[in-house]
2 protein chains.
Amino acid sequence: MTVHYNCAKCKDRLCIHKVPIFSSLDSEDLRKIMGLISHSEYKKGETIVFEQEEPDSVIIINEGSAKAYKNTADGREQILYVFSEGDFFGEQNLFTGQPSTYTVEALQPVKICKLSRKQFQELLYRFPDIAVKIIVELGNRMTRLENALQSIGVRNVDNRIGIILLEFAEKYGTKNEKGTIIHLPISREGMANYLGVARETVSRKLSQLENEGIIQSLNNKEILIPDMDRIEELAGV
Amino acid sequence: MTVHYNCAKCKDRLCIHKVPIFSSLDSEDLRKIMGLISHSEYKKGETIVFEQEEPDSVIIINEGSAKAYKNTADGREQILYVFSEGDFFGEQNLFTGQPSTYTVEALQPVKICKLSRKQFQELLYRFPDIAVKIIVELGNRMTRLENALQSIGVRNVDNRIGIILLEFAEKYGTKNEKGTIIHLPISREGMANYLGVARETVSRKLSQLENEGIIQSLNNKEILIPDMDRIEELAGV
DNA sequence: CGGACCATTGATAATTGTCAAAATTCGTGG
DNA sequence: CCACGAATTTTGACAATTATCAATGGTCCG
């Protein structure tokens with residue numbers, strides 16, 4: 001992990017510009033906040049926050065993506081979130097003082113911005129709008145969790161595969177004339193841990209979908225979806 | 001559903017006293033807020049909020065309990081929360097303006113307190129502490145959801161049964177000399193929908209646990225647990 | 001006491017997990 | 001740019017678990 005203070009590179013790509021919770025502030029205020037922020041970089045596979053650790057700052061992802069997971073009783077890891085550019089975490093611990101409930105690990109080289117507890121709390125007092133923004137963002141994240149819980153509770157694994165493909169298509173998809181290409185942020189094993197099924201089951205289901213012409217595997221990290229409607233059908237929407 | 005305004009009964013059992021988000025207010029302020037609140041009652045099985053409906057108020061459970069669930073693609077219901085005395089919901093929709101993401105249905109006769117959108121927002125401006133309290137409470141609920149996601153992702157159903165028993169023991173358990181008695185808020189089918197398994201599987205697993213002497217079924221709604229340690233072992237803690 | 005509802009049990013089918021081996025992909029260094 | 005080895009993914013065979021269907025047994029109320 002590498003730490004930069006007032007990293008010059010970030011001056012033109014203000015990380016806080018990307019964060020919805022700061023969106024109500026004007027450029028002047030943003031510039032002031034910028035001075036408070038410290039930057040770090042992590043290599044792929046490095047851990048940003050450990051479960052049970054007490055983080056003392058809010059962390060905003062500026063570049064790259066990271067997975068948040070918990071270890072289950074049977075020794076696997078259950079992925080809770082895949083954070084990418086603009087997502088933040090650690091805010092909960094600042095209020096409750098409780099240790100992190102999950103581990104966050106870089107899936108790619110990751111650049112983050114850090115705001116300390118004290119600075120963050122000052123911001124909340126100075127800009128009350130931010131608190132409301134946070135409530136909204138937490139609400140959104142809860143909705144996502146509720147959906148995940150719903151889909152993982154669906155016994156039909158085919159549906160779940162469809163749901164995860166829809167989610168990733170929206171977050172990591174690009175469209176071209178042949179359809180939508182999903183740039184998967186996680187491996188097959190990661191998908192399995194996200195879905196709560198075995199690695200091999202994911203392989204089999206994806207192969208099956210490929211045979212049916214619903215998807216086309218370009219390489220391990222890219223999937224082409226010619227017709228998104230068929231995925232929605234699969235997901236049971 | 002029956003509506004009371006300024007219901008006399010509640011005067012001595014102020015529902016808002018039970019709600020953590022109002023805990024920073026003094027009696028004087030609470031009394032003022034009381035005037036803003038309307039009360040309703042629901043019979044068992046009645047729906048308090050429908051999925052897709054746009055609720056215009058925060059609802060606080062004053063007595064009884066309720067389940068929040070979504071209908072899954074394969075026609076089952078996935079229970080997300082079991083709300084009981086002091087829990088609140090509907091706050092998210094007030095900020096985002098989005099329809100409810102789940103249905104809430106009374107599991108028993110339920111008494112609720114209602115605070116309209118406008119009144120709630122006024123409160124937030126007047127008592128900024130409440131916003132922080134809400135962030136904390138949402139954080140707690142997220143942690144619960146994350147745990148649920150983790151446990152439902154555990155492939156081992158025995159573990160999951162253990163986890164749900166621990167959760168209910170904490171929330172709905174009473175202790176006596178023989179051990180802990182859990183007063184189940186939901187039926188076997190409810191437990192199945194909470195766990196994402198078939199009704200019959202819950203029955204079988206519970207029977208198995210009874211044969212092993214780990215639990216003792218007193219009646220359909222009460223389970224005696226002589227030794228909680230064995231449940232924790234089951235849950236894989 | 002009777003009926004409606006809920007829970008249990010049994011038998012069987014379907015699904016998924018596990019283990020082992022083969023195939024593919026990826027990254028690195030020549 | 002290619003080749004090699006490591007890592008990941010896919011596939012196959014089989015075992016284990018759970019869902020489903022059907023029937024029986026209980027329990028709670030009026």
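Chain letters run A, B, ... following the sequence lines, proteins first, then strands; residues in each count from 1.
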*Can a donor-acceptor pair under 3.5 Å be found between the side-chain atoms of B:Glu189 and the base atoms of C:dC5?*
no
*How many Å lie between CD1 on B:Ile161 and P on D:dT17, as a whole number?*
15 Å
*May I ask you to check whether over 12 heavy atoms, not counting those of A:Lys175, lie within 6.0 Å of atom NZ?*
no
_If you only use heavy atoms from C-beta on, which nucleotide in C:dA7, C:dT9, C:dC26 is closest to the side chain of A:Asn219?_
C:dC26
_Distance check needed: D:dC28 P versus B:Lys221 NZ, whole Å only._
10 Å
*Rounded to whole angstrom units, what separation is found between the CZ atom of B:Arg199 and the P atom of D:dT18?*
17 Å
Enumerate the protein-to-nucleotides 1-4 of chain C contacts in which both atoms are nitrogen or oxygen and the separation is below 3.5 Å.
none

*Gap between atoms CG and C1', on B:Leu184 and C:dC6 respectively (whole Å)*: 13 Å
*Listed by chain and number, what are the salt bridge (Lys or Arg N to Asp or Glu O under 4.0 Å) partners of B:Lys70, not counting sequence neighbours?*
none
*Exercise: identify the closest heavy-atom pair between B:Tyr69 and B:Asn71*: CE1-OD1, 3.8 Å
_Would A:Arg141 and A:Phe88 count as a cation-pi pair here, with the cationic atom under 6.0 angstrom from the ring centre and within 45° of the axis?_
yes
*Considering residues at least two apart in sequence or located in another chain, which fulfil the side-chain contact (heavy atoms from CB on, under 4.5 Å) criterion with B:Asp56?*
none
*Which residues pass the side-chain contact (heavy atoms from CB on, under 4.5 Å) test with B:Asn219, sequence neighbours left out?*
B:Lys221, B:Glu222
_Which atom of A:Val202 lies closest to which atom of A:Arg188, heavy atoms considered_ = CG1-CD, 4.1 Å
*Return the residues of residues 201-214 of chain B meeting this criterion: a heavy atom under 4.0 Å from some atom of DNA chain D. Order them by number, or give none.*
B:Thr201, B:Arg204, B:Lys205
*side-chain contact (heavy atoms from CB on, under 4.5 Å) involving B:Glu170 - partner list, sequence neighbours excluded*: none
*Distance, rounded to the nearest Å, where A:Leu195 contributes CG and C:dG17 contributes P*: 10 Å
*asked:* Can you measure B:Ile186 atom CD1 to C:dC6 atom P for me and round it to whole angstrom units?
replied: 14 Å
*Please report, rounded to the nearest Å, how far the C1' atom of C:dT8 is from the CD1 atom of B:Ile215.*
13 Å
_Length of the line joining A:Asn220:CG and D:dA6:P, which is rounded to integer Å_ = 19 Å
*Closest to the B:Val157 side chain, choosing from C:dC26, D:dT9, D:dT18*: D:dT18
*Donor-acceptor contact below 3.5 Å, side chain B:Ser100 vs main chain B:Tyr102*: yes
*State which of C:dC26, C:dC19, D:dT27 makes the closest approach to the side chain of A:Glu200.*
C:dC19
